[in-house]
Amino acid sequence: MFDHVKFGVSDYTVSKLFFAKALAPLGVVVVSEGLPAYGVELCSPMGTVSLCLFQTDEKPAHLHLAFSAERREQVDAFYRAAMAAGGKDNGAPGLRSKYHANYYAAFVIGPDGHNLEAVCRETGPEPDDR
């Protein structure tokens with residue numbers, strides 16, 4: 001559905017570093033960058049959908065962004081990387097059967113208060129339901 005999503009951040013350097021680290025386990029890298037007012041584009045190297053961030057003095061509205069993971073291990077790695085990059089826990093990795101029987105996700109609050117999620121809908125060995 002989307003080609004790209006672009007939103008403003010209050011601290012470009014902090015947000016660029018946070019998203020680059022948190023999304024690395026999902027195969028996302030910086031594919032282009034301009035001045036902070038223009039921003040940075042993050043995408044899978046061969047992907048067609050990107051996330052773009054730019055510096056703004058306007059207070060961004062809170063967002064919920066869900067990133068697709070191919071494997072549950074990537075969701076776990078996203079969570080660990082996002083937490084190590086300064087994110088705040090908003091839901092540890094686990095099954096969320098209230099959404100879907102195989103909905104395995106983790107939630108982290110990013111630098112500007114956005115709810116960031118990594119989700120895998122594939123079956124896996126985890127029997128617990130968090």
Side-chain angles (χ1 to χ4, degrees):
M1 175 186 284
F2 297 111
D3 182 78
H4 65 276
V5 173
K6 185 172 184 173
F7 62 92
V9 295
S10 62
D11 187 324
Y12 177 76
T13 302
V14 168
S15 290
K16 180 180 93 169
L17 182 62
F18 173 82
F19 279 94
K21 285 184 177 183
L23 298 179
L26 304 179
V28 173
V29 296
V30 172
V31 294
S32 67
E33 183 174 10
L35 297 173
Y38 176 78
V40 62
E41 180 179 16
L42 299 112
C43 181
S44 298
M46 301 302 286
T48 59
V49 178
S50 62
L51 176 69
C52 306
L53 313 170
F54 68 96
Q55 178 69 46
T56 184
D57 291 332
E58 295 179 31
K59 182 167 178 61
H62 291 279
L63 299 173
H64 176 162
L65 298 173
F67 300 95
S68 180
E70 294 176 6
R71 300 179 316 281
R72 291 181 179 193
E73 295 83 10
Q74 289 178 302
V75 173
D76 297 341
F78 157 84
Y79 180 80
R80 288 190 306 271
M83 295 297 289
K88 294 184 177 96
D89 173 55
N90 198 31
L95 282 170
R96 304 316 201 268
S97 60
K98 64 183 176 184
Y99 302 137
H100 181 276
N102 295 321
Y103 200 102
Y104 188 85
F107 302 85
V108 176
I109 302 298
D112 281 299
H114 302 309
N115 184 20
L116 310 171
E117 172 185 2
V119 60
C120 176
R121 297 170 189 259
E122 298 300 317
T123 59
E126 291 80 9
D128 65 329
D129 185 17
R130 300 176 192 202

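The structure displayed is predicted, hence computed values, not measured ones.
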Would you indicate whether the side-chain heavy atoms of Tyr104 and Asp76 approach each other to under 4.5 Å? yes

Can you see which heavy atom on Val75 is nearest to which on Ala105, and at what distance? CG1-C, 3.7 Å

Within a radius of less than 6.0 Å around NZ of Lys88, do more than 12 heavy atoms belonging to other residues, nucleotides or ligands occur? no

According to a hydrophobic-cluster definition based on side-chain heavy atoms being under 4.5 Å apart (Ile, Leu, Val, Met, Phe, Trp, Tyr only), do Ile109 and Leu17 belong together? no

Transitive ILVMFWY side-chain link Val31 to Leu35, under 4.5 Å: no

Any heavy-atom pair between the side chains of Leu42 and Val30 that's under 4.5 Å? yes

Is the backbone N or O of Ser32 less than 3.5 Å from a side-chain atom of Glu41, with the two atoms forming a donor-acceptor pair by type? no

From CG (Leu116) to OH (Tyr79), nearest 0.5 Å: 12.5 Å

Nearest heavy-atom pair of Gly27 and Pro45: which atoms, and what distance? O-CD, 3.2 Å

What's the separation between atom CZ in Phe78 and atom SG in Cys120, rounded to the nearest 0.5 Å? 13.5 Å

Are Phe19 and Val28 close enough, and set up right, to give a side chain to side chain contact (heavy atoms under 4.5 Å, CB included), and what steps lead you there? CA-CA 9 Å; Phe19 279 94; Val28 173; over 6 Å; no

Could you give the distance from CD (Glu58) to OG (Ser10), rounded to the nearest 0.5 Å? 12.5 Å

Which residues satisfy the ring-ring contact (aromatic ring centres under 6.0 Å, His included) test with Tyr103, sequence neighbours excluded? Tyr99

Backbone of Phe107 reached by a side-chain donor or acceptor of Glu117 within 3.5 Å: no

I'd like to check Leu51 versus Leu23 (side-chain heavy atoms, cut-off strictly below 4.5 Å). Are they in contact? yes

So CG of Asp89 and CE of Met83: to nearest 0.5 Å the spacing works out to 5.0 Å

Between the CG atom in Asp112 and the NZ atom in Lys59, the distance rounded to the nearest 0.5 Å is 7.5 Å

Looking at residues at least two apart in the chain, or sitting in another chain, which of them share a salt bridge (charged side-chain N to carboxylate O under 4.0 Å, His left out) with Glu33? Lys16

Gap between atom SG of Cys52 and atom NE2 of His4 - 0.5 Å precision: 5.5 Å

Main chain of Leu65, side chain of His114: is a donor-acceptor contact present, judged purely on distance under 3.5 Å? no

Side chains of Leu53 and Phe18, heavy atoms from C-beta outward: is any pair under 4.5 Å? no

